[in-house]
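Here is the structure we will look at.
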Amino acid sequence: MSESETNADVPPYRYTAAMAAEIEPRWQAYWADNGTFFAPNPTGELADAAHPRAGAPKLHVQDMFPYPSGAGLHVGHPLGYIGTDSYTRYKRMAGYNVLHPMGFDAFGLPAEQYAVQTGTHPRTTTEANVERYRGQLRRLGLAYDDRRSFSTTDPEYYRWTQWIFLQVFNSWFDPSLRKARPIATLIDQFVSGARKADDRPWAELSAAEQRAVINEHRLAYVSEAPVNWCPGLGTVLANEEVTPEGRSERGNFPVFQRSLKQWKMRITAYGDRLVEDLDGLDWPEPVKLMQRNWIGRSRGAHVDFPIDGFKISVFTTRPDTLFGATYMVLAPEHSLVDSLVPAAWPEGTKDAWTGGHATPEAAVAAYRAAAAAKTEQERTADAKVKTGVFTGAYATNPVNGARIPVFIADYVLAGYGTGAIMAVPGQDERDWAFAEVFDLPIIRTVQAPADFEGAYTGDGPAVNSDFLNGMGVVDAKASMISWLEEKGHGRGATTFRLRDWLFSRQRYWGEPFPIVYDETGLPIALPDSMLPVELPDVDDFSPRTFDPQDAASEPETPLSRKKDWVNVELDLGDGPKQYVRETNTMPQWAGSCWYELRYLDPHNDKALVDPENEAYWMGPQRAGDPGGVDLYVGGVEHAVLHLLYARFWHKVLFDLGHVSSYEPFRKLFNQGYIQAYAFRDARGVIVAAEEVVERDGRWFHGDQEVSREYGKMGKSLKNVVTPDEMSEQYGADTFRVYEMAMGPLDVSRPWETRAVVGSQRFLQRVWRLVVDETTGAVRVTEDPLDVKTRRALHRTIDGVRGDMDELRFNTAIAKLIELTNTLTPLPAASREAIEPLVLMMSPFAPHLAEELWRKLGHDGTLAYVDFPVADPALLVAESITYPVQVNGKVRGRVEVAPDTTEDSVRAAALAEVAEALAGREPRKVIVVPGRLVSVVV
RNA sequence: GCGGAAGUGGCGUAAUUGGCAGCCGCGCUAGGUUUAGGUCCUAGUACUCGAGAGAGUGUGCGGGUUCGAGUCCCGCCUUCCGCACCA
């Protein structure tokens with residue numbers, strides 16, 4: 001209930017929810033009508049030389065844009081938005097040309113699934129949701145440049161998403177230059193003979209063969225990829241959509257691991273740069289660490305182990321331990337396993353190695369079947385107990401000629417490295433565990449500490465290693481790599497945990513690929529002039545489903561049934577011909593991978609972004625600066641995927657000369673989450689949180705006691721609180737102030753509606769300083785402040801500026817409340833204090849501040865009024881009070897002038913605590929200037 | 001298991017980054033205003049002992065460094081987040 005409902009006798013001019021409901025829409029309309037938050041570009045249609053910030057230093061701040069879900073916003077969603085809004089309002093007043101845009105990431109599964117269920121077109125749902133979000137955001141008074149807003153589903157937007165895809169498709173990564181280059185430069189190399197395709201001269205390859213060779217090098221390419229195929233749903237599933245039992249979470253259908261032809265992006269080519277360029281970013285260290293771990297660059301060597309005329313290549317990060325390699329392990333799926341297996345067990349095969357089978361072939365087949373039957377989860381859950389089986393084959397250790405047995409085991413993954421390892425039990429814990437189970441020899445090649453048990457992975461001098469003996473790990477690695485390269489047994493190498501990016505989806509609601517196929521079945525890029533390839537309407541949004549057990553079925557996408565769209569006659573330069581369109585769509589990441597650039601020049605139909613606009617808003621500011629958005633705020637859940645994909649595309653665009661920055665986001669800030677309590681009754685049923693009351697530290701729903709838990713805000717926990725409710729009950733300004741005051745922006749915390757009233761009281765007190773609640777008259781005086789209050793004001797200004805610069809909004813608000821509490825008891829508030837207070841309030845409570853600013857006699861908006869500046873002379877304290885500690889306990893205080901010498905402070909302090917010293921001679925006296933005096937006896 | 005983050009009053013938090021622990025707010029207590037409740041204003045509110053002045057204790061636990069530790073170091077405990085045998 002709002003106050004106006006419970007109070008018949010509220011003074012008519014008090015700041016209440018009802019008054020906020022009058023003030024807030026009025027100022028929102030003013031800002032919209034006057035384009036208050038439009039930011040001028042240097043060039044193009046958004047340039048405006050008359051703008052008050054034209055030519056000013058720029059600041060580009062961005063939020064991770066939302067997916068507009070049908071549920072609307074809850075109070076947790078806008079936390080970051082209010083933070084960036086407060087920050088940018090402050091910076092605009094501090095003189096910056098501020099760009100703060102907002103858009104919508106609107107392709108995606110929920111709208112599509114809703115369409116499958118109801119037949120409603122995803123565009124209809126999406127547009128309605130976007131409108132609802134716009135309304136909710138507008139109601140919070142967020143100061144966006146609305147001219148720059150877009151949705152990733154707008155054809156004018158995804159035209160450029162498709163254009164970037166073509167840029168990627170038409171590029172290859174030149175390892176010698178470590179950058180992407182136009183595919184034409186690669187073709188030139190083949191034509192000139194500088195690069196060889198195979199044994200034949202380039203000109204002897206057929207046109208289709210040439211195209212196939214070129215395609216192998218493109219940054220976007222089609223290849224077989226292992227996926228979770230669910231015939232019952234007719235779709236490919238993410239790991240998280242597959243249950244531990246290997247069935248689909250939705251519908252409980254069987255899921256099959258199989259290969260499908262998929263589009264991929266060669267992000268692995270950028271592995272080095274994606275790791276190295278993290279160093280230049282102002283990002284939270286944990287996020288950088290997560291990216292490094294995800295990319296997982298490891299340096300080491302490929303080593304070739306000969307077996308009967310061919311060889312198995314392994315990757316190792318520890319080539320220095322090669323003398324300790326006493327066996328090898330291949331992934332069960334490794335393609336060479338079949339050609340290794342001999343007809344019978346060799347002499348001396350231990351019983352434990354055979355798995356109880358009469359022949360190696362039977363043992364391998366049985367082990368493979370067992371491994372394949374396990375889901376990925378089972379395989380990893382069982383990882384503690386090492387299993388495997390001997391293949392019957394022996395390889396030769398190239399460094400010493402030793403015959404070593406070759407096993408298959410599921411602790412080696414087919415998809416990582418070469419799918420084969422050399423096992424060094426002395427220096428690897430997994431290999432040690434395996435060696436113990438199968439009774440394999442263990443040779444230490446690094447000197448372990450005297451009483452060390454188990455695999456030793458630390459540093460130390462090499463032992464049992466011939467020419468490496470005595471070297472440390474780093475030197476030994478380098479020496480071994482040189483030796484391998486010299487003898488032709490291997491070479492130095494780097495591998496990545498990162499895998500190429502699976503870029504196609506068998507869905508409807510996504511960007512169509514600007515790709516067609518001709519009779520060769522090879523992909524052809526459409527020319528830019530044919531963009532956008534618009535997503536056609538279809539009758540049925542669901543994929544074709546199959547017999548749930550039919551593992552051999554092939555996905556049939558919604559677009560593939562649209563025959564008149566799929567089969568198309570085009571003139572691609574060699575006359576009209578028939579083509580078949582690509583019917584996969586792009587993943588939801590595509591639209592969010594580059595949106596930061598489109599805000600800069602949202603309506604440009606000649607280019608993704610005008611280079612001058614890009615250079616102004618995102619270009620490097622000095623040597624060594626990667627460039628990018630000045631501040632990017634969003635949740636830590638995007639620490640890896642979104643931020644990695646966006647960095648990758650940005651680097652491709654940089655390499656091809658389309659942008660001057662080589663990183664998209666210079667500074668990253670992760671806001672915390674607002675979580676909420678939920679309540680469960682004795683039967684375990686969640687009850688509506690708003691109906692629960694607290695009595696004596698226990699919680700009751702009606703008469704029934706309920707238990708409290710803590711979790712995400714959401715429908716399922718019946719604990720959603722919306723910003724709309726808060727606006728109705730308190731006003732948007734109160735809500736904004738509360739969200740900013742409740743704690744540091746980067747810390748998660750529980751929502752508590754009953755505490756919001758504290759922020760409303762604060763705003764009421766500020767209002768009351770200016771406005772007489774009974775008459776509505778403005779009651780500030782023109783008298784100057786007394787010196788003490790003036791000093792308090794300037795300390796506040798100084799502190800608030802410092803806090804705002806560091807995004808410490810909670811402490812900034814605490815300081816503003818303190819100042820307000822200082823002014824409240826004064827007989828009349830002086831304009832000298834009120835105007836700076838109102839200006840300092842305005843980033844947090846912009847509607848209230850604009851209204852008071854108007855009442856104080858100013859025209860227009862305060863959005864471009866200078867933020868108050870503290871007078872340094874008033875920040876110097878009049879006197880300093882030193883606490884005097886004796887043996888760590890405060891035993892007295894002395895007050896001295898700020899310029900008192902250290903000796904005088906010491907003397908005064910000793911006199912002050914003479915009684916506590918009781919005649920004892922101080923052993924030590926420490927004077928910390930400006931802080932305290934510590935006496936030790 | 002590995003990695004990351006974090007543990008401060010009844011609750012959300014603050015602490016100039018090694019210098020008086022608890023700013024600001026919620027809640028609570030008392031008083032004023034009010035017919036009453038609510039609003040608003042004033043005062044109080046870490047814990048223990050004490051009538052009181054005051055004394056002692058206190059930042060998850062146990063050690064350590066230091067004149068001085070919420071902050072730094074070592075070892076544990078708990079919670080949250082992320083990852084899954086990464087050769």
Side-chain angles (χ1 to χ4, degrees), chain A residues 3 6-11 14 16 284-287 289-290 293-294 296-298 300 314-318 321 329 376-377 379-384 386 409-413 415-424 427-431 433-434 495-498 636-637 639-640 670 673 675 694 697 710 737-738 741-744 746-759 761-762 764-765 768 773 799 802 808 810-818 820-821 824-825 881-890 893 922-926 928 930-937:
Chain A
E3 250 180 281
T6 54
N7 296 288
D9 55 349
V10 170
R14 170 164 296 172
T16 60
E285 280 305 321
V287 175
L289 192 58
M290 281 188 250
N293 291 343
W294 187 266
R297 177 167 73 175
S298 37
V314 306
F315 175 77
T316 175
T317 55
R318 294 293 303 276
T321 65
V329 185
E376 191 149 336
Q377 279 88 348
R379 244 169 104 155
T380 53
D382 295 347
K384 300 273 157 22
K386 291 285 179 281
D410 61 8
Y411 82 97
V412 172
L413 305 179
Y416 189 76
T418 64
I421 62 159
M422 64 179 213
V424 186
Q427 268 74 232
D428 185 284
E429 283 161 17
R430 290 153 304 159
D431 296 346
F434 191 87
T495 60
F496 296 92
R497 175 190 181 275
L498 182 68
V636 74
E637 76 268 22
V640 178
N670 294 125
Y673 292 98
Q675 300 194 291
E694 183 189 347
Y710 182 56
V737 169
Y738 177 65
M742 65 195 286
D746 55 351
V747 172
S748 295
R749 68 214 84 152
W751 176 261
E752 200 174 5
T753 296
R754 72 174 185 176
V756 177
V757 69
S759 298
R761 287 179 193 147
F762 166 45
Q764 281 175 342
R765 289 202 295 280
R768 199 154 44 231
E773 290 189 329
R808 292 190 305 250
N810 54 327
T811 51
I813 289 171
K815 290 179 174 76
L816 292 171
I817 295 174
E818 263 184 287
T820 303
N821 292 348
T824 297
T881 303
Y882 282 89
V884 187
Q885 295 183 343
V886 178
N887 288 346
K889 288 199 190 304
V890 179
R893 286 171 198 286
R923 282 198 289 123
K924 203 172 185 182
V925 180
I926 296 150
V928 186
R931 291 265 187 266
L932 54 51
V933 183
S934 183
V935 182
V936 189
V937 292

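Just so we're on the same page: letters track the sequence lines, and every chain starts at 1. Computed from a prediction, not measured in an experiment: that's the story for all the values here.
The same atom, C1', is picked in G56(B) and in U66(B); the two are 24 Å apart, to the nearest Å. Of the C1' atoms belonging to A30(B) and C81(B), the separation is 45 Å, rounded to the nearest Å. Between the P atoms of G12(B) and G1(B), the separation comes to 28 Å (whole Å). Atom P of G18(B) sits at a distance of 13 Å from the matching atom of G70(B), rounded to the whole Å. Distance check on atom P: U29(B) versus G54(B) gives 27 Å, rounded to whole Å. Look at the C1' atom in both U34(B) and G7(B): the space between them is 45 Å, to the nearest Å. Rounded to whole Å, the C1' atom of A5(B) lies 24 Å from the corresponding atom of C86(B). Using atom C1' as the reference point in both C41(B) and C47(B), the two lie 30 Å apart (nearest Å).
Of all nucleotides listed (G27(B), C85(B), C83(B)), C85(B) comes nearest to the side chain of Y411(A). You'll find that the side chain of S298(A) is closest to A87(B), out of C41(B), U16(B), A87(B). Checking G25(B), C86(B), C20(B) against every side-chain atom of V890(A), the shortest atom distance belongs to C20(B). Side-chain atoms of Q885(A) lie closest to G19(B) of the nucleotides G19(B), C85(B), G12(B). When the nucleotides A15(B), G3(B), C83(B) are ranked by their closest atom to the side chain of R497(A), C83(B) comes out on top. Of all nucleotides listed (A14(B), C24(B), C40(B)), C40(B) comes nearest to the side chain of R14(A). Of the candidate nucleotides C24(B), A15(B), G27(B), A15(B) has the atom nearest to the side chain of T811(A). With C24(B), C67(B), C85(B) as the choices, the nucleotide that has an atom nearest any side-chain atom of R430(A) turns out to be C85(B). Checked against C67(B), A5(B), C11(B), the side chain of P286(A) finds its nearest nucleotide in A5(B). Nearest nucleotide to the side chain of V757(A), out of G27(B), C24(B), C67(B): G27(B).
For the pair M290(A) CE and C83(B) P, the interatomic distance rounds to 10 Å; values are reported in whole Å. Protein atom CD of E752(A) is 11 Å distant from nucleotide atom C1' of G10(B), rounded to whole Å. Atom pair F434(A):CZ and C86(B):C1' shows a separation of 17 Å (rounding to whole Å applied). One atom, CZ of R931(A), and another, P of U71(B), lie 18 Å apart when rounded to the nearest Å. What separates CD1 of I421(A) from P of A87(B) is a distance of 11 Å, to the nearest Å. L289(A) has its CG atom 19 Å from the P atom of C81(B), to the nearest Å. Remark: C1' of C2(B) and CH2 of W294(A) are 15 Å apart, rounded to the nearest angstrom. Residue D428(A) contributes atom CG, which lies 8 Å from atom P of C86(B) at whole-angstrom precision.
For C40(B), neither phosphate oxygen OP1 nor OP2 lies less than 4.0 angstrom from any side-chain nitrogen or oxygen of R765(A). At U39(B), none of the side-chain N or O atoms of Q764(A) fall inside 4.0 Å of OP1 or OP2 (strictly under the cut-off). A sub-4.0 Å separation between OP1 or OP2 of G27(B) and a side-chain N or O of R761(A) is present. Regarding contacts with the backbone of C24(B), every side-chain N or O of N821(A) stays at 4.0 angstrom or more from both OP1 and OP2. Contact annotation: R768(A) reaches the phosphate of C41(B) (side-chain N/O to OP1 or OP2, under 4.0 Å).
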**Request:** Check the pair D428(A), I421(A) against side chain to side chain contact (heavy atoms under 4.5 Å, CB included), reporting the backbone distance first and the verdict last.
**Result:** CA-CA 11 Å; D428(A) 185 284; I421(A) 62 159; over 6 Å; no
**Prompt:** For M290(A) and V636(A), what are the C-alpha separation, side-chain angles and deciding distance, and is it a side chain to side chain contact (heavy atoms under 4.5 Å, CB included)?
**Reply:** CA-CA 10 Å; M290(A) 281 188 250; V636(A) 74; 4.1 Å; yes
**Request:** Take R765(A) and I817(A) through the test side chain to side chain contact (heavy atoms under 4.5 Å, CB included) and record every step on the way to the result.
**Result:** CA-CA 9 Å; R765(A) 289 202 295 280; I817(A) 295 174; 3.8 Å; yes
**Item:** Chi angles and distances behind the side chain to side chain contact (heavy atoms under 4.5 Å, CB included) call for V890(A), V884(A)
**Value:** CA-CA 6 Å; V890(A) 179; V884(A) 187; over 6 Å; no
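In this structure, T418(A) and V314(A) approach most closely via the heavy-atom pair OG1-CA, 3.4 Å. When all heavy atoms of R497(A) and W294(A) are compared, the pair lying nearest together is NH1-O, 3.2 Å.
At the heavy-atom level, I817(A) lies under 4.0 Å from the strands shown only through sugar-phosphate atoms. Across all strands shown, L932(A) has heavy atoms under 4.0 Å from base atoms, whether or not it also approaches the sugar-phosphate. Among the protein residues, T495(A) comes within range of no part of the nucleic acid, since none of its heavy atoms lies under 4.0 Å from any strand. Nucleic acid contact for V747(A): sugar-phosphate only, since backbone atoms but no base atoms lie under 4.0 Å from a heavy atom of the residue.
Residues R749(A) and T418(A) both approach RNA chain B. Their nearest nucleotides, taken by heavy-atom distance, put R749(A) toward the 5′ side. Of the residues near RNA chain B, N810(A) and G758(A), the one whose nearest nucleotide (by heavy atom distance) lies more toward the 5' end is N810(A).
The backbone N or O of R931(A) lies less than 3.5 Å from no partner atom in the side chain of Y882(A), so there is not a single donor-acceptor pair.
Contact of D410(A) with C85(B) (side chain to base): a donor-acceptor pair of N or O atoms is detected under 3.5 Å.
A syn orientation is assigned to U17(B), its glycosidic angle lying within 90° of 0. Taking the O4'-C1'-N9-C4 or O4'-C1'-N1-C2 dihedral as appropriate, G7(B) has a value more than 90° from 0 and is therefore anti.
Under the Watson-Crick or G-U wobble criterion, with both distances below 3.5 Å, U66(B) has no partner in any strand shown. Look at G1(B): its Watson-Crick or wobble partner, with both distances under 3.5 angstrom, is C83(B). With a cut-off of 3.5 Å on both Watson-Crick or G-U wobble distances, the partner of U34(B) is given as none. Pairing for U45(B) is with G27(B), a Watson-Crick or G-U wobble pair whose two hydrogen-bonding atom distances lie under 3.5 Å. G18(B): no Watson-Crick or G-U partner with both key distances under 3.5 Å is found in any strand. With a 3.5 Å ceiling on both atom-pair distances, the Watson-Crick or G-U wobble partner of G7(B) is C77(B).
No side-chain heavy atom of I926(A) sits under 4.5 Å from any side-chain heavy atom of V933(A).
Below 30°, between 30° and 60°, or above 60°: for Y738(A) and W751(A) the angle between ring planes is above 60°, a perpendicular geometry.
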